[in-house]
Amino acid sequence: MTQGRWPEEDEKTRGVPVQITRTGEPLLSIIVYGRDVQGLLGVCLDSVAAQLPPEAELVTAAVGDDAQDVAVRSGGTVLPLPGDTDDAAARAAGAERARGTWLWFLPAKDRLPAGAVRTLLDRLAEVPETVDVVVADHVRTTWRGTGASGADAGRLARVARRDVTLDQAPDLLRVTPLLVKRALRADFWRAHEAELADPDEMFASRAALALADRIACLDQVVVEVRELRRESLPPVTAERRYGLVESYDRLQRLLHRRDSAPRPRAVLYDLMATETMRVVARESMPDAVAREFFHRASAAAVRWKPAGHRRPGGMEGIRRRLLEEDAYTKYRAFQAANQRRRGLRTTLHVRKKQLGAKVLDHHYQKALREPVDQDLAVFSAYWDRGVACNPAAIAAKLGELAPHIRPVWVVSKAAEPLVPPGTDHIVPGTRRYWETLARARYLTNNVNFPNAVVKRPGAIHLQTHHGTPLKKMGLDQRAYPTASRGLDFDALLARVDKWDYSVSANSHSTRMWEHAYPSHFVSLDHGYPRNDVYYRATAADIRAVRDRLGIAPGRRAVLYAPTHRDYEASWTPRLDLAALSERLGDDTVLLVRGHYFYGGGASPLAGLRRTGRVIDVSAYDPVEELALAADALVTDYSSIMFDYANLDRPIISFADDWETYARTRGTYFDLLAEPPGHVARTEEDLTEILATDAWRDEASAKVRTAFRRRFCEFDDGRAAERVVRRVFLGEPEESLPPVLPLESRTPAPTPEEATG
């Protein structure tokens, strides 16, 4: 299949790409190439095979016997290559075997997130035939497991849905020079194979941009690039160091041959100067190699300096001048002096910080000697992220039942702009923060306060938690090193010892908290205050939330809320959301909420919102409103299932990696044996459940009732009242409102009931 031919017979349609089918020819060939590095090839191939549609093919250019054995088991076209085949030759061999209109080269060590193939195919299908290269975004994962989106999303987004020349968008040269981030038209590859199959990937990936007639972009993550430990890689030779300068030299010659505009040449010049100086400054090289590298970089800097080019100011300008002068000895002296200046500044900064800490500690110790303020209550949630969760519900009820108690919220500097108007709050690390913590009688949190917070006689610490535990918590994590990495259990127990009360939503949680956090606290079997809304919300409330989200009356809303996985560095949806929404049609909208542990990076859902069938609600608060708006919940192992069960609405567990999750994180019960509804082990299973009436059939209602009876035990809409009366007003337990039996509770109306 190809696309983008201009229909000559109809002038009205000129400029609009159309699909033209060529029998037997896939639109995209995914070429996985290379050796089985550190056993990663199997994972790479699995990530492709799991999402390979008919219009794409998999070609594996497998280098060496080990890679060939793995590739054969994974299916697709396997091209066996000798063990001494380098990556460039493997790419070329794979491209020769490929049949697709587009080629996508995927190194054997990397992998594709769910939905990546469909996302790229959709973009390829809409670009005109004049486009030779499509540049996409990536996420990088290190051996430590920490993942971060690249710095390329902004540059790609600025091009948006246009197709451009490099002269029009020269900053595309600054996009990370990885060939896997570029899909290449097969005809374009064949016309320029000498440059594009170059062993130097930096050269090949930037040459693709220089040679392309037109370029399109995709500001979505389509590949997870695995960065191997440097210690596991062969040492960098002197010739390879010098090759960096030569590659920039060749790129400049290529731009000149193409008669590129001055701006791309200037961008490439800045990249060359910056990267070569970074190598000299940061890379460990013998002095003779470093001197020769500097000399070659200097010659290139003089040779390719654009006419009228002005050096940057400050330290960078000095470095550039020394590079152009080939003044290696002077540069090293400048570098040493600069390091001494930085060391002095660091010393002064540390001393200033230590002095500031001493001053704050002095104020804290002084405040600790003052009387406890009996009417002062401090609240915090999710590591000071803002007014949320159980603490927020308790604080709201406190305003009704005990208005004489003054609430103060701990809010991080970053979250401060989101604080509701009129909310008294303190920022961690400030003088008022420590003085308030020292004098408050009540300290409420759904995690823990810092180790330095002193538990004063007469002060009451209330731990509300933020979910019912399916996964192992506290001391129970010790047997699971993936989950407990970096945890100081002694410090954890010291924090737990400050708890006076622990709020619980069910007997299961009560037992697990007492086992995982062995200490002297009193369990409050009163229910989760944040879940009160599920019994108090009205039809008008539900209509209002759906209006805010843009969900039209009559449309089914499915909330997809996956949890954090300790063995994954970054969050990408495990579902092909574009394909799922397409299958479910316009009558269904997917509300997709990524876990808050993965905040701050580029959303993998960018671009899907425009369809109107997928809405990224990862940043929407409170989550309880999303639950009220949803007709059904799809989750994996998130504690949201226990809260949502209060609404007595359908829940589907998407448990595609249950065995891995249970083995690496540890769980308190078998979700497959005791689910809240239907269990889908594959995306096909889930699609079938949602596309038919199975999502709300009698079988799912039956298991949901058993689940609710066990895990919604104390939630009846009056949890916050019981907590406030017991903790803040000191009423005895026997005087508190009793928990209503499950049969006597009336959950909030469903969206269908609210609009009916």
Do [X] and [Y] come within less than 4.5 Å of each other through their side chains, counting heavy atoms only?
| X | Y | value |
| --- | --- | --- |
| M202 | L244 | yes |
| L103 | R91 | no |
| T635 | T563 | no |
| L559 | L633 | yes |
| D656 | R681 | no |
| L590 | Y560 | no |
| D66 | R35 | no |
| L81 | Y33 | no |

Kindly give the heavy-atom pair with the smallest separation between [X] and [Y], and that separation in Å.
| X | Y | value |
| --- | --- | --- |
| V63 | Q68 | C-NE2, 4.5 Å |
| V221 | V139 | CG1-N, 3.8 Å |
| L79 | R97 | CD1-NH2, 3.2 Å |
| A71 | A62 | CB-CB, 4.2 Å |
| S247 | F203 | O-CD1, 3.7 Å |
| V127 | W102 | CG2-CZ2, 3.8 Å |

What's the separation between atom [atom1] in [X] and atom [atom2] in [Y], rounded to the nearest 0.5 Å?
| X | Y | atom1 | atom2 | value |
| --- | --- | --- | --- | --- |
| L584 | R613 | CG | CZ | 9.0 Å |
| K181 | L218 | NZ | CG | 9.5 Å |
| D163 | E129 | CG | CD | 12.5 Å |
| D657 | D636 | CG | CG | 7.0 Å |
| H192 | L184 | NE2 | CG | 10.5 Å |
| Y242 | T237 | OH | OG1 | 9.5 Å |

How far apart are the C-alpha atoms of R303 and D249, what are their side-chain angles, what is the distance that settles it, and do they pass the salt bridge (Lys or Arg N to Asp or Glu O under 4.0 Å) test? CA-CA 9 Å; R303 181 164 52 251; D249 212 46; 2.9 Å; yes
Got more than 12 heavy atoms from elsewhere within 6.0 Å of [atom1], [X]?
| X | atom1 | answer |
| --- | --- | --- |
| D65 | CG | no |
| R214 | CZ | yes |
| R258 | CZ | yes |

Before giving the answer on side-chain contact (heavy atoms from CB on, under 4.5 Å), spell out for L172 and V164 the whole-Å C-alpha distance, their side-chain angles and the decisive distance to 0.1 Å. CA-CA 10 Å; L172 288 178; V164 296; 4.2 Å; yes
Side-chain donor-acceptor pair under 3.5 Å between D213 and T130, yes or no?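 No.
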Side chains of D616 and S618 only: does a donor on one sit below 3.5 Å from an acceptor on the other?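 Yes, a side-chain donor-acceptor pair sits under 3.5 Å.
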Mark yes or no for whether [X], through its side chain, and [Y], through its backbone, hold a donor-acceptor pair below 3.5 Å.
| X | Y | answer |
| --- | --- | --- |
| T77 | V59 | no |
| T85 | P82 | yes |
| R118 | Q51 | no |
| E195 | L251 | no |
| R206 | L173 | yes |
| R555 | D586 | yes |
| R174 | P170 | no |
| E201 | L179 | yes |
| R185 | T101 | no |
| Y637 | W658 | yes |

With a 6.0 Å cut-off on ring centres, are W304 and H256 close enough?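 Here the rings of H256 and W304 have centres that are less than 6.0 Å from each other.
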Using a 6.0 Å distance limit plus a 45 degree cone around the ring axis, check whether R241 lies over the aromatic ring of F293.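 The answer is no; the distance or angle limit is not met.
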Applying salt bridge (Lys or Arg N to Asp or Glu O under 4.0 Å) to D270 and R320, what does each step give before you reach the verdict? CA-CA 10 Å; D270 284 335; R320 294 280 186 93; 3.4 Å; yes
Can you list the steps and then say if E684 with R583 is a salt bridge (Lys or Arg N to Asp or Glu O under 4.0 Å)? CA-CA 11 Å; E684 291 75 16; R583 174 71 187 278; over 6 Å; no
Check side-chain hydrogen bond (donor to acceptor under 3.5 Å, both in side chains) between R190 and all other residues, then give those that pass, not counting sequence neighbours.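 Here the qualifying residues are D187.
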According to side-chain hydrogen bond (donor to acceptor under 3.5 Å, both in side chains), who are the partners of E96, at least two apart in sequence or on a separate chain?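 In terms of side-chain hydrogen bond (donor to acceptor under 3.5 Å, both in side chains), with neighbours along the sequence ignored, E96 is linked to no residue.
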Under the criterion side-chain contact (heavy atoms from CB on, under 4.5 Å), I'd like the reasoning laid out for L28 against E55: C-alpha separation, chi angles, the key distance, then a yes or no. CA-CA 7 Å; L28 176 66; E55 61 266 46; over 6 Å; no
Evaluate side-chain contact (heavy atoms from CB on, under 4.5 Å) for L166 paired with L255, printing each intermediate quantity in order. CA-CA 10 Å; L166 185 61; L255 288 179; 4.1 Å; yes
Among residues at least two apart in sequence or on other chains, which ones pass side-chain contact (heavy atoms from CB on, under 4.5 Å) with D69?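 With neighbours one apart ignored, the set is R73.
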Salt bridge or not for E246 and R253, using N-O below 4.0 Å?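 Salt bridge: yes.
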In terms of the angle between their ring planes, are H309 and Y269 parallel, tilted or perpendicular, with boundaries placed at 30° and 60°?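 Ring orientation of H309 relative to Y269: perpendicular.
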Give the C-alpha distance, both sets of side-chain angles, the deciding distance and a yes or no for side-chain contact (heavy atoms from CB on, under 4.5 Å) between D171 and R263. CA-CA 9 Å; D171 270 354; R263 183 60 183 150; 4.2 Å; yes
